[in-house]
Engineer: 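Okay, here's the structure, questions in a sec.
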2 protein chains.
Amino acid sequence: MTPTLKDVALRAGVSTSAVSRTFTDGASVSDKMRKKVEKAAAELGYSPNFIARSLTTRRTKLIGLVSDNFYNPVFLEVFDRFTRALQDCGLRPLLVNLSNETDPESSVRMLQQYSVDGVMVASSTLPPEFSKAFRDKNIPVVNTFGRHATSPDVHVVGIDNVAAGRMAARELISRGYKSIAFLGGPKRATSTLDRLEGFQAELALHPDVTFSYSFASAYSFHAGRAEILRLAEFGLAEAYFGGDDVLSVGILSGLQDLGKNVPNDVGLIGFNNMEMAGWENIALTTIHQPIAQIIASSVELMVAMLENPDRYPEARLFPCHVVERKTLRPIQSR
Amino acid sequence: MTPTLKDVALRAGVSTSAVSRTFTDGASVSDKMRKKVEKAAAELGYSPNFIARSLTTRRTKLIGLVSDNFYNPVFLEVFDRFTRALQDCGLRPLLVNLSNETDPESSVRMLQQYSVDGVMVASSTLPPEFSKAFRDKNIPVVNTFGRHATSPDVHVVGIDNVAAGRMAARELISRGYKSIAFLGGPKRATSTLDRLEGFQAELALHPDVTFSYSFASAYSFHAGRAEILRLAEFGLAEAYFGGDDVLSVGILSGLQDLGKNVPNDVGLIGFNNMEMAGWENIALTTIHQPIAQIIASSVELMVAMLENPDRYPEARLFPCHVVERKTLRPIQSR
DNA sequence: TGAAATCTTGCAAACGATTGCAAGCATATT
DNA sequence: AATATGCTTGCAATCGTTTGCAAGATTTCA
C-alpha cells in the first residue's frame, strides 16, 4: 500500500542503498543521485519507515513516558511540556499509565518489547526501584519529580523537598503564626515525608511555636476538606502547610465553611502553584515548583544519555519560591 | 544484549520457528516443545520484540493519540481513560501534541512513519480535514469529541452540541431568567458555534426573553473573567451560559468581584462538569459531558476498525445532563 | 598525462521476527 | 498391517531498512 524503499529505487532506477542514503543524513550521495531519488520519492509519496529503520539502527526514537498521576492539575502542564520538548528533539512519547497499579513489572517488559530508547518516569510516588528496573536492563531512565536521596544510581530531576518544607515553615513563621501544622497527603509518598521533615526541622528552631501534623487520605480536594473538618473538632492550628495545592484548596474550602477568616483566623500555604491556585476566587498562597525548568532539564538529560548511556547518574534539583496571594497574612514586623 | 529468538532457539536446541510459535497464540506447538522453549526463554529472560514482529504481522499495536488541548482540566480524565482503555486492549498510545500548531501535515506523516495501527484525534477544535488525512492514507481514525455534521466520512464520537445548547437554554428559562446570554470561547471552535446555535434556537421559542452573546478570547479563566468584566460596563444579562467550565469559573469570579449575587442577581451554567466545578467553594451548575462513555466507546470503535478497516463511518453521540449546584436559582413555578 | 586520493554506488548480509510449504511423525481407521 | 488423517516441525523467504565492503567513477596533484 504505502510505498517502500524498493518502490522508489525501482522507479528511480537506482539501488535501494542509494535511496536509503538520500534519506539518512550524513550519508554520501551525489547531488544528481539525490535529485533523482527525491523526485521519485515525491511522486510516490514515500517516507522512510521508522520501525523498519530502527531494526538496524537500534534506535526507535521512542521514549516511554510513564506516570501514575493522572489527576493532579499540574500534570496537564507536565504532559504538555514533556510531549513538546520530546517532539522538538525528534523523540516520541509512548505514554504509560500506571494508575491502575497493574504490576510495574509488566510495564517494564512492555517498554522493552517496544525497544524504547529511554524512559521518563514522571512521578513522585513511584518507588525508586521502579526506575532502577530500567537501568538494570540498560535502558536510559530519568526519574522526573523523583526523590534523590534514596536512589543515587538513577538520574533524578526535581526539587529538594526538604528545602521546600523549610521554606514553607519559614514563611509561616514570618507571618507570626504561633501554632503551625502540616497537613499532608498520604504518607506513602516519599515527597510528602521529605517536605514534612524539612518543615519540622525548621519549626524546631522556634521553640515558641507549637507544631502538629496529620495526613489526608488522598491528594484530593475532598480528602483535604474532610481532614480539616475532622481536625476542627479538636481545635484548629493557626496556620497550615497543605501537602499540595488541590489538597490545600480542599482545606481552604473547609475553613470557609467553618466560618474562619483566611488568612486572619487561620493561614494556609499550598504547594505546586497549579493554575487554579491563581484563580482570583481561590487566590492560594503557595510554593511554586519550577515545572518548566524541571522538564526541560529532564529531556535535556535524556538526550545526553542517549548519546552516552554510561553517563554518571546525577541529581538535578531546582529551587522553589513562594508566590504570595491571599491565604497568608502580611509579614509581621516585631 | 537482550536475547533474541535465535538465542532461545539455540539454547533450546530447536528451530527459530518453534520459538516464534510458542510465543504467538493460536500457533501449533506440542506441549513438549512449548515446555522446552519456555524453559530456555525464561532462563534467558526473553520476550518477543514487538517492533520486529510488526514488520511481518503489519501490526504495531501503536495508536496515535493526538490532541491540541493540554490545558483543559477535563483532559486529565481524558488522558487517563484513553491510556487505560487502550492498554486494556493491548494497544499503546503514542502521544502527539498539536498545541504548538506545527503543521498537522507533519504529524500525519510521522504517525504513518511509525506505522501506527490507528489514530484517535481527541479534540473539538481540530478541523475535520485533519482526521480525514488519516483516512485518506488508510489509517483507521476516530475523532473523539469531534463534530459529526461536517465530517460524515470519518468516525466521530462525542455529544450533540446543538442539543447541549438547547439543554442549557431550557434550564435557564426554567429558572425564570428573562435576559439570557451566551458567553462562548473563541469562535473558531465549531463546538462553540454548535452550542450557540442550539442555545439560540431554543431561546427563539420564548419571545419574552432577550438574548445576546459574545466570545471570550480563549477558553481560559482569565479570558472569561475579563470578558464578563468588560460586559459589565454595558449592563449584564440575568443569566449566562458559559462556553466551558474554566471559562465559567472565570465568569463566576468576575461576577463575585462585581458584587453580584450568584445565582440571584445573575445565574450561570457551565459546560463539561470538570472536577473543579464540584469543589464546594466553586459549586458551578453545569452540563455534564459523559467522558467515560465517550472514551470507552471510542476505543471500542477503534478495535472494531482494526478488525474491519472498511467499517462504515458512524457518529456516536451521547446525551449530556445538567448537574445542579449553586449558580442557578431554583426552578420557578409560575 | 598518469597515478594517487577521494567520492559514489551497488551488492549482499544483517536487524528480529513470522509464516507458507512440505516433510516427518503419530495416531486413527479399515 | 497398511493406509489415511492430522499434528508438529524446520527450511527458507519475507517484512522495510541500513551498512561494510569493494569496485567504479571522478577529482586532485605533480
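Computed over heavy atoms, backbone and side chain alike; hydrogens, waters and symmetry mates excluded. Because the structure is a prediction, the values reported are computed rather than measured. Letters A, B, ... are given to chains in the order of the sequence lines, protein chains preceding strands, and every chain is numbered from 1.
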Engineer: Using atom NZ of A:Lys6 as one end and atom C1' of D:dA13 as the other, report the distance to the nearest whole Å.
Structural biologist: 11 Å
Engineer: To the nearest 0.5 Å, how far apart are CG in B:Asp80 and CG in A:Asn97?
Structural biologist: 5.0 Å
Engineer: Once you round it to whole Å, what is the distance between P of D:dC15 and CG of A:Asp7?
Structural biologist: 10 Å
Engineer: Kindly say if A:Arg58 contacts the phosphate of C:dG16, meaning a side-chain N or O under 4.0 Å from OP1 or OP2.
Structural biologist: yes
Engineer: Between C:dG24 atom P and B:Met33 atom CE, what is the distance in whole Å?
Structural biologist: 16 Å
Engineer: Output side-chain donor-acceptor pairs under 3.5 Å for residues 27-43 of chain A, partner residues at least two apart or in another chain, one line each.
Structural biologist:
{"from": "A:Ser30", "atom 1": "OG", "to": "A:Met33", "atom 2": "N", "distance (Å)": "3.2"}
{"from": "A:Arg34", "atom 1": "NH2", "to": "A:Thr22", "atom 2": "O", "distance (Å)": "3.1"}
{"from": "A:Lys39", "atom 1": "NZ", "to": "A:Glu43", "atom 2": "OE2", "distance (Å)": "3.1"}
{"from": "A:Glu43", "atom 1": "OE1", "to": "A:Arg11", "atom 2": "NH1", "distance (Å)": "2.2"}

Engineer: Report the distance from atom OH of B:Tyr114 to atom P of D:dC15, rounded to the nearest whole Å.
Structural biologist: 23 Å
Engineer: How long is the line joining CG of A:Leu44 and P of D:dG16, in whole Å?
Structural biologist: 13 Å
Engineer: Distance-only criterion, 3.5 Å: show the donor-acceptor pairs between side-chain atoms of residues 119-126 of chain B and protein atoms not counting sequence neighbours.
Structural biologist:
{"from": "B:Ser123", "atom 1": "OG", "to": "B:Asp68", "atom 2": "OD1", "distance (Å)": "2.9"}
{"from": "B:Ser123", "atom 1": "OG", "to": "B:Thr125", "atom 2": "N", "distance (Å)": "2.9"}
{"from": "B:Ser123", "atom 1": "OG", "to": "B:Thr125", "atom 2": "OG1", "distance (Å)": "3.2"}
{"from": "B:Ser123", "atom 1": "OG", "to": "B:Leu126", "atom 2": "N", "distance (Å)": "2.9"}
{"from": "B:Thr125", "atom 1": "OG1", "to": "B:Asp68", "atom 2": "OD1", "distance (Å)": "3.4"}
{"from": "B:Thr125", "atom 1": "OG1", "to": "B:Asp68", "atom 2": "OD2", "distance (Å)": "2.6"}

Engineer: Any chance you could list the contact pattern along nucleotides 18-26 of chain D? Use B for base contacts, S for sugar-phosphate-only contacts and - for none, protein heavy atoms under 4.0 Å, 5' to 3'.
Structural biologist: BBB------
Engineer: Which word best sums up how the rings of A:Phe75 and A:Phe145 line up, parallel for under 30°, tilted for 30 to 60°, or perpendicular for over 60°?
Structural biologist: tilted
Engineer: To the nearest Å, give me how far apart CG (A:Leu10) and C1' (C:dG10) are.
Structural biologist: 15 Å
Engineer: Name the closest nucleotide to the A:Val29 side chain, picking from C:dT9, C:dG10, D:dC15.
Structural biologist: C:dT9
Engineer: Between B:Arg34 and A:Thr4, which has a closest nucleotide on DNA chain D that is more 5'?
Structural biologist: B:Arg34
Engineer: Touch check for B:Ser30, heavy atoms < 4.0 angstrom, all strands: base, sugar-phosphate only, or nothing?
Structural biologist: sugar-phosphate
Engineer: Mind calculating the distance between NZ (B:Lys36) and P (D:dG10) to the nearest angstrom?
Structural biologist: 7 Å
Engineer: Taking 4.0 Å as the cut-off, does a side-chain nitrogen or oxygen of B:Ser15 come that near to OP1 or OP2 on D:dT9?
Structural biologist: no
Engineer: Taking all non-hydrogen atoms of both residues into account, name the closest pair between A:Val74 and A:Ile291 and its distance.
Structural biologist: CB-CD1, 3.8 Å
Engineer: Relative to the ring of A:Phe50, is the ring of B:Tyr114 parallel (under 30°), tilted (30 to 60°) or perpendicular (over 60°)?
Structural biologist: perpendicular
Engineer: Please confirm whether the ring centroid of B:Tyr219 lies under 6.0 Å from the ring centroid of B:Tyr71.
Structural biologist: no
Engineer: Take atom CD1 of A:Ile51 and atom C1' of C:dA17, then tell me their distance rounded to the nearest Å.
Structural biologist: 13 Å
